[in-house]
A.B. asks: 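What follows is a structure written as structure tokens; I'll ask about it next.
In what follows, chains are A, B, ... by sequence order, proteins preceding strands, each numbered from 1.
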There are 2 protein chains.
Amino acid sequence: MTPQTIKVACSNCNLRELCMPLGLSEEQLKRLDEIVAVRRKVKRGGTLFRNGEPFTSLFAIRTGFFKTCVATEDGRDQVTGFQMAGEIIGLDGIVSDRHTCDAVALEDAEVCVMPFDNIEELSREVKALQHHVHKIMSREIVREHGVMLLLGSMRAEERLAAFLLNLVQRLHARGFSQSELVLRMTREEIGSYLGLKLETVSRTFSKFVEEGVVEVKQRHVRILDAGALRNIVNSQQACH
Amino acid sequence: MTPQTIKVACSNCNLRELCMPLGLSEEQLKRLDEIVAVRRKVKRGGTLFRNGEPFTSLFAIRTGFFKTCVATEDGRDQVTGFQMAGEIIGLDGIVSDRHTCDAVALEDAEVCVMPFDNIEELSREVKALQHHVHKIMSREIVREHGVMLLLGSMRAEERLAAFLLNLVQRLHARGFSQSELVLRMTREEIGSYLGLKLETVSRTFSKFVEEGVVEVKQRHVRILDAGALRNIVNSQQACH
DNA sequence: CGGCAGTTTGAAAGGCCTCAACGGGGGTGG
DNA sequence: CCACCCCCGTTGAGGCCTTTCAAACTGCCG
């Protein structure tokens, strides 16, 4: 329960372009370093924060992979997102000063802890940071719109295809392969995110394999025909 | 296409407590009036903004009722929310300087136009406003988490029950009845929001009526047993 | 080497969708 | 002011997709 912490600086972080605004002056960059208080390591399976805990900071993921999930009183729960390096986590806590979901590390991870008071203070002075914060929150809202579209109107194959395409696209933006990926989450977690049961996820993977669209070996996935995946997402049966 | 506009002030708006921060000084309140440039009327069926249009302003709903919806290239679309008086609309546009969804008035409406540049400028000076903006965006993120939970893990009855409870709760907070409401949207729009077909929505309404949980006459709904609705939402069949 | 979590696959059931027809109410135009 | 029309809502029947329940398999880790 005593989180490991390390002191550091943003200004020479190679992920800066992912989580920080561009085009800052030397002086502003230096001020940004004041935002990140410490880093914190989270072991695989550990939680960065939990539903109900006081909100104090946003977290920028440096390494590792997280899921966030919400739960109802009756035990049901729903994965609301998967987050990777350079993405910001914890925005849900701002409104009520408490986190409203759990953030769980799916592999050993390290995050930059950014006390929200610091962020607000500095973004009152640095216009670019202020706008950047607004954009990050807006981006999250738009992302969730996309998930609602997926959950509300797509069939199992479309959901999984969209999921895989989204994942490789984000990994590719981080310098990884455009066609190969390692899933950090279980079939059950994928299913929860996509509104499907784990068996349906598994079956849909098998179907993709049969069709020669992907290769799957455990959590290793190779996309053989990205065009086919895109077609599946955009197919939509019988429009009238 | 020439929107009707009216000049006005926030400081004596009776919805202020819904869309503006509390505990401001006289002087700060006066500054807030600078934010709202004009008001704008939107007729039933008209759009406040459309996907792809340049983003310049947020909108605070003064009167009326809106839906927001996103669409895919292949024509499918998804209602992402219903908004009523005092709620803020347009947050999706910040990230890309373009709106990414449509906002359609479901009844004649009037909104306060708040140019986002003004908001950012003033919130650099008024701490309470800055935090308020952050909270509004965070609230929207949390709301969408709830919708994802609904779409990802609930059955038709649970979805509709949750929908009705949410609607009356928000209406009640605005001084309307706790048990009676008039739906401003069609069954199809409800279905789109809930990830169901309109026939399923209709059938589920009928089922609720049979069970004596609600009375339905067209779009007029009277909740006879709110407890039963809450039970339906929290039921969740067979936990193991 | 065993145990276990995670995955795959099968078979049957069930819930929601599709297609279709009918009914009703409100708006519009004569 | 009335009549018509069209959109909206309701209901039925049948089918399909996903879920449920079950069993077997695999790879990893202690």
A.B. asks: Report the distance from atom CZ of B/R44 to atom P of D/dC7, rounded to the nearest whole Å.
C.D. replies: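 The answer, rounded to whole Å, is 13 Å.
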
A.B. asks: Using C1' atoms of five pairs at each end, report the bend of the helix from C/dC1-D/dG30 to C/dG30-D/dC1 rounded to 10 degrees.
C.D. replies: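 The end axes of the helix from C/dC1-D/dG30 to C/dG30-D/dC1 are about 40° apart, to the nearest 10°.
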
A.B. asks: In whole Å, I'd like the distance from the NE2 atom of A/H220 to the P atom of C/dT7.
C.D. replies: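 Rounding to the nearest Å, NE2 of A/H220 and P of C/dT7 are 12 Å apart.
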
A.B. asks: Give the rounded distance in Å between these two atoms: NZ of B/K197 and C1' of D/dC16.
C.D. replies: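 One finds 14 Å between C1' of D/dC16 and NZ of B/K197, rounded.
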
A.B. asks: Roughly, in whole Å, what's the span from CZ in A/R155 to P in D/dT19?
C.D. replies: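 It works out to 12 Å between those atoms.
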
A.B. asks: Would you give a per-nucleotide map of nucleotides 8-15 of chain D, 5' to 3', where B means the base has a protein non-hydrogen atom under 4.0 Å away, S means only the sugar-phosphate does, and - means neither?
C.D. replies: SSBBBB--

A.B. asks: Heavy atoms under 4.0 Å, any strand shown: does A/G195 hit a base, just sugar-phosphate, or nothing?
C.D. replies: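 Sugar-phosphate contact only.
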
A.B. asks: Do any side-chain atoms of residues 144-151 of chain A form donor-acceptor pairs under 3.5 angstrom with protein atoms, and if so which ones, sequence neighbours left out?
C.D. replies:
residue: A/E144; atom: OE2; partner: B/H145; partner atom: NE2; Å: 3.1
residue: A/H145; atom: NE2; partner: B/E144; partner atom: OE2; Å: 3.1

A.B. asks: Can you name the salt bridge (Lys or Arg N to Asp or Glu O under 4.0 Å) partners of A/R98, sequence neighbours left out?
C.D. replies: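 Checked A/R98 against salt bridge (Lys or Arg N to Asp or Glu O under 4.0 Å); zero matches.
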
A.B. asks: C/dC16 P sits how many Å from B/I190 CD1, rounded?
C.D. replies: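 Nearest whole value for this atom pair: 16 Å.
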
A.B. asks: To the nearest 0.5 angstrom, please state how far the CE atom of A/M154 sits from the CG atom of A/L196.
C.D. replies: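 These two atoms lie 12.0 Å from each other.
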
A.B. asks: Could you list the donor-acceptor pairs under 3.5 angstrom formed between side-chain atoms of residues 202-209 of chain A and any protein atom two or more places apart in sequence or on another chain?
C.D. replies:
residue: A/T204; atom: OG1; partner: A/T200; partner atom: O; Å: 2.6
residue: A/S206; atom: OG; partner: A/S202; partner atom: O; Å: 3.1
residue: A/K207; atom: NZ; partner: A/E157; partner atom: OE2; Å: 2.5

A.B. asks: Just wondering, are more than 12 heavy atoms of other shown residues or ligands nearer than 6.0 Å to CD in A/E188?
C.D. replies: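 Counting neighbours around CD of A/E188, 12 or fewer heavy atoms of other residues, nucleotides or ligands fall under 6.0 Å, so no.
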
A.B. asks: Would you kindly give the CG-to-P distance between A/L196 and C/dT7, to the nearest whole Å?
C.D. replies: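 Atom-to-atom, A/L196 to C/dT7, this comes out as 15 Å.
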
A.B. asks: Measure from CZ on A/R159 to P on D/dC17 and round the result to the nearest Å.
C.D. replies: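 Those two atoms, CZ and P, are 14 Å apart.
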
A.B. asks: Would you please name every residue forming a salt bridge (Lys or Arg N to Asp or Glu O under 4.0 Å) with A/R170, sequence neighbours left out?
C.D. replies: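 Listed in chain order: A/E87.
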
A.B. asks: Enumerate the side chain to side chain donor-acceptor pair (under 3.5 Å) contacts for residues 52-61 of chain B, please, sequence neighbours excluded, ordered by first and then second residue.
C.D. replies: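 Matches after skipping sequence neighbours: none remain.
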
A.B. asks: Checking A/S179 now: which residues fulfil side-chain hydrogen bond (donor to acceptor under 3.5 Å, both in side chains) with it, not counting sequence neighbours?
C.D. replies: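 Checked A/S179 against side-chain hydrogen bond (donor to acceptor under 3.5 Å, both in side chains); matches are A/S177.
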
A.B. asks: Under the salt bridge (Lys or Arg N to Asp or Glu O under 4.0 Å) test, which residues partner B/K67, sequence neighbours left out?
C.D. replies: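 If we apply the salt bridge (Lys or Arg N to Asp or Glu O under 4.0 Å) test to B/K67, skipping adjacent residues, the hits are B/E189.
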
A.B. asks: Measure from CD on B/E158 to P on C/dG15 and round the result to the nearest Å.
C.D. replies: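 Roughly 12 Å, once rounded to whole Å.
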
